[in-house]
Amino acid sequence: MGINKSLESHPVFGVTMRLSQYFLPVLRDVPKEAEIISHRLMLRAGMVRQQASGLYSWLPLGYKVLIKVQKIVEEEQNRSGAIQLLMPTIQSADLWRESGRYDAYGKEMLRIQDRHERDFLYGPTNEEMITDIFRTYVKSYKDLPLNLYHIQWKFRDEIRPRFGTMRSREFLMKDAYSFDLDKESAVRAYHRMFVAYLRTYARMGLTAIPMRADTGPIGGDLSHEFIVLADTGESEVFCHKDLLDKPIPAPDTDFRGDLSPIINDWTSQYAATEEMVDMAAYESAVPPDKRVTARGIEVGHIFYFGTKYSEPMKATVTGPDGKEITVHMGSYGIGPTRLVPAIIEASHDDDGIIWPVSVAPFEAVLINLKAGDAECTAACDSLYDELNANGIDMLYDDRDQGAGGKFATADLIGIPYQVILGPRGLKSGEVEIKHRRSGERETLPVGDAAKRIKALIEPQRRTDI
RNA sequence: CGGAGUGUAGCUCAGCCUGGUAGAGCACUGGUUUUGGGAACCAGGGGUCCAAAGUUCGAAUCUUUGUACUCCGACCA
């Protein structure tokens, strides 16, 4: 795969996404360990490789998707006023002894010792560490509210990892932590994250429904899970049908203003997971024709937990009257390494993945149907240059192989648009565009292809919804 | 952690019951012909048969003990 070829034969080596030189190990057979569709497709499309139970390498194609997902998460966190930083994966046990969670967390936490036999752990979450950072630097009520987040690897030694990266032991999580003077202000911080999450999922083409949730070991008294409906979801959920097509808060939403109307709208209808559901309440709140009972994947979880950590860890600020105030906190998690399979679960067919443009590893793939033909190849090369010049994130299938295999690969890895050019079309000066999702095909002059692809793709990038 | 199952080529799997030269398809390498929905032919490379111990003249195959992975349940971004 290009390793022994001289660089001379690749004039733009290191820049192009020519499939003949890319690293895309697609699998024809389904590896037997994969049970659910997203896991199978991620393995077949060469996105990930399992290295041990619950531990995955992200191969180039998968990593490109992961990066795009992270970018959307970051953009929406930033928009809502959260500030990004980065904390280490390894944490000192002492910090966790302060909050009392070192003993409470159990075997799910991976405990390790350094060469001096000091106790450390691979962080399953970061409340303690962020609280430590906060208390060190933030001393005045004037510095609040504050919301700090990072996207970092977590490790939870799950009893049974499964479903590929959907539930792995090492996983990437965006975790945000809000600090406020009082509960009222903390609830506003909670609302900002609530809205940011709605926007984040929508931009990835996901319909996620907020549901009242149990607070679990993180604790607290206000919490929502965001659930994507999918047949392969891990838990059963019950909700009002109208929640499925509620409008998403616009990009110019004023995060400094009062968001409670939006939150009230989204929480006014019944929605609960099987742990929280009260069947009598569900049936009285939702008329039979509006009841949706389905399976769901949890793609985010937000908590308000008051002073649970700030109090034992003494995270206080000085108030206007000179008195110490223990801050109110919340934490907010989204797992990018889980979002990727969730998107696949929600968007695929028998031939493979169907990526929404906003997270697709490539926005379009140019397929040279006859790579052995000089004329056809010259036409494809120049069309490829033109598509690149138009800012399309392109993959170029320039392999000298049969057409069937190329179509199958393009379908499998789910690139939203296929630009197909072969000797037959070239004769009449025409190129074909296949829409991956609808299967629709259109034929147009080669010279119009780049403009058409651009027009198709730009509105779907969802940078502005 | 309880229950079930599987480890043989990069992947999917056969061979094991009934011990006797380690196989197939796909993938890979070289060549020829091909090229609009996973092309054909010719030639070739590739294996600690999960590990250790045992039984045996002889173990992928039988026995024991480990170990890894998967599935079902209780827990979770």
Side-chain angles (χ1 to χ4, degrees), chain A residues 1 4 25-36 39-40 43-44 46 49-55 73 105-109 123-126 151-176 197 208 213-218 223-228 234-235 273 275 297-303 331-342 351-352 367-373 376-377 399-412 418 420-427 430-432 434 439 441 443:
Chain A
M1 237 188 294
N4 297 319
V26 299
L27 269 34
R28 214 160 154 167
D29 297 304
V30 184
K32 65 176 168 201
E33 74 263 20
E35 195 67 17
I36 66 164
H39 189 194
R40 276 191 221 154
L43 291 167
R44 286 198 56 212
R49 168 172 169 75
Q50 180 172 337
Q51 303 291 168
S53 177
L55 300 173
V73 169
Y105 218 93
K107 292 184 111 171
E108 213 171 285
M109 186 157 73
T125 179
N126 283 58
I151 297 180
Q152 175 67 299
W153 292 98
K154 303 292 185 291
F155 190 92
R156 293 184 190 173
D157 201 356
E158 298 276 351
I159 295 167
R160 184 147 94 89
R162 62 184 122 172
F163 306 143
T165 67
M166 185 88 79
R167 149 103 92 243
S168 47
R169 291 193 293 179
E170 187 183 50
F171 61 98
L172 205 53
M173 183 160 87
K174 183 289 299 179
D175 37 329
Y197 276 33
D214 201 3
T215 54
I218 293 180
S223 174
H224 284 88
E225 287 179 3
F226 289 78
I227 305 281
V228 170
E234 290 192 75
S235 59
T273 61
E275 299 88 41
I297 301 167
E298 181 187 343
V299 290
H301 203 159
I302 60 179
F303 303 88
S331 77
Y332 315 88
I334 283 190
T337 47
R338 172 179 283 189
L339 280 169
V340 174
D351 295 324
I367 298 177
N368 179 354
L369 285 178
K370 195 165 181 178
D373 180 291
C376 185
T377 298
R399 296 171 301 167
D400 189 8
Q401 284 185 11
K406 295 186 177 192
F407 292 135
T409 298
D411 287 344
L412 173 65
Q418 297 170 17
I420 302 163
L421 186 52
R424 212 165 75 191
L426 197 57
K427 212 172 285 179
E430 285 176 327
V431 66
E432 189 180 13
K434 178 185 167 183
R441 294 158 186 278
T443 303

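In this text, all values refer to a predicted model and were calculated from it rather than measured experimentally. Each chain gets a letter, A, B and so on, in the order the sequences are listed, and its residues count up from 1.
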Out of B:G36, B:G38, B:C1, which has the shortest distance to the side chain of A:Leu412? B:G38
Does A:Glu35 have any side chain to side chain donor-acceptor pair (under 3.5 Å) partners at least two apart in sequence or in another chain, and if so, which? none
In this structure, how many angstroms lie between the C1' atom of B:C69 and the CG atom of A:Leu55, rounded? 13 Å
Categorize A:Glu158 for me: base, sugar-phosphate, or nothing, with a 4.0 angstrom heavy-atom threshold over every strand shown. base
Looking at B:G37, does its base get a donor-acceptor pair with the side chain of A:Arg441 below 3.5 Å? yes
Could you please name the option among B:U35, B:U70, B:A74 that lies closest to any side-chain atom of A:Arg162? B:A74
Per the atom types in the model, does the base of B:G38 pair as donor or acceptor with the side chain of A:Arg44 at under 3.5 Å? yes
Dump the pairs, protein N or O against N or O of nucleotides 44-49 of chain B, anything under 3.5 Å, distances to one decimal.
none

Under the side-chain contact (heavy atoms from CB on, under 4.5 Å) rule, collect the residues that match up with A:Glu170, sequence neighbours excluded. A:Leu55, A:Tyr122, A:Trp153, A:Phe155
For A:Arg424, what residues pass the side chain to side chain donor-acceptor pair (under 3.5 Å) criterion, not counting sequence neighbours? none
Generate the contact string for nucleotides 6-13 of chain B. Rules: B means base contact, S means sugar-phosphate contact only, - means no protein heavy atom under 4.0 Å. S----BSS
Classify A:Asp373 by what it touches in the nucleic acid, base, sugar-phosphate, or nothing, heavy-atom distance under 4.0 Å. nothing
I'd like to check the side chain to side chain donor-acceptor pair (under 3.5 Å) partners of A:Gln152; sequence neighbours left out, ordered by chain and number. none
Rounded to whole Å, the CG-C1' distance (A:Asp411 to B:G37) equals 9 Å
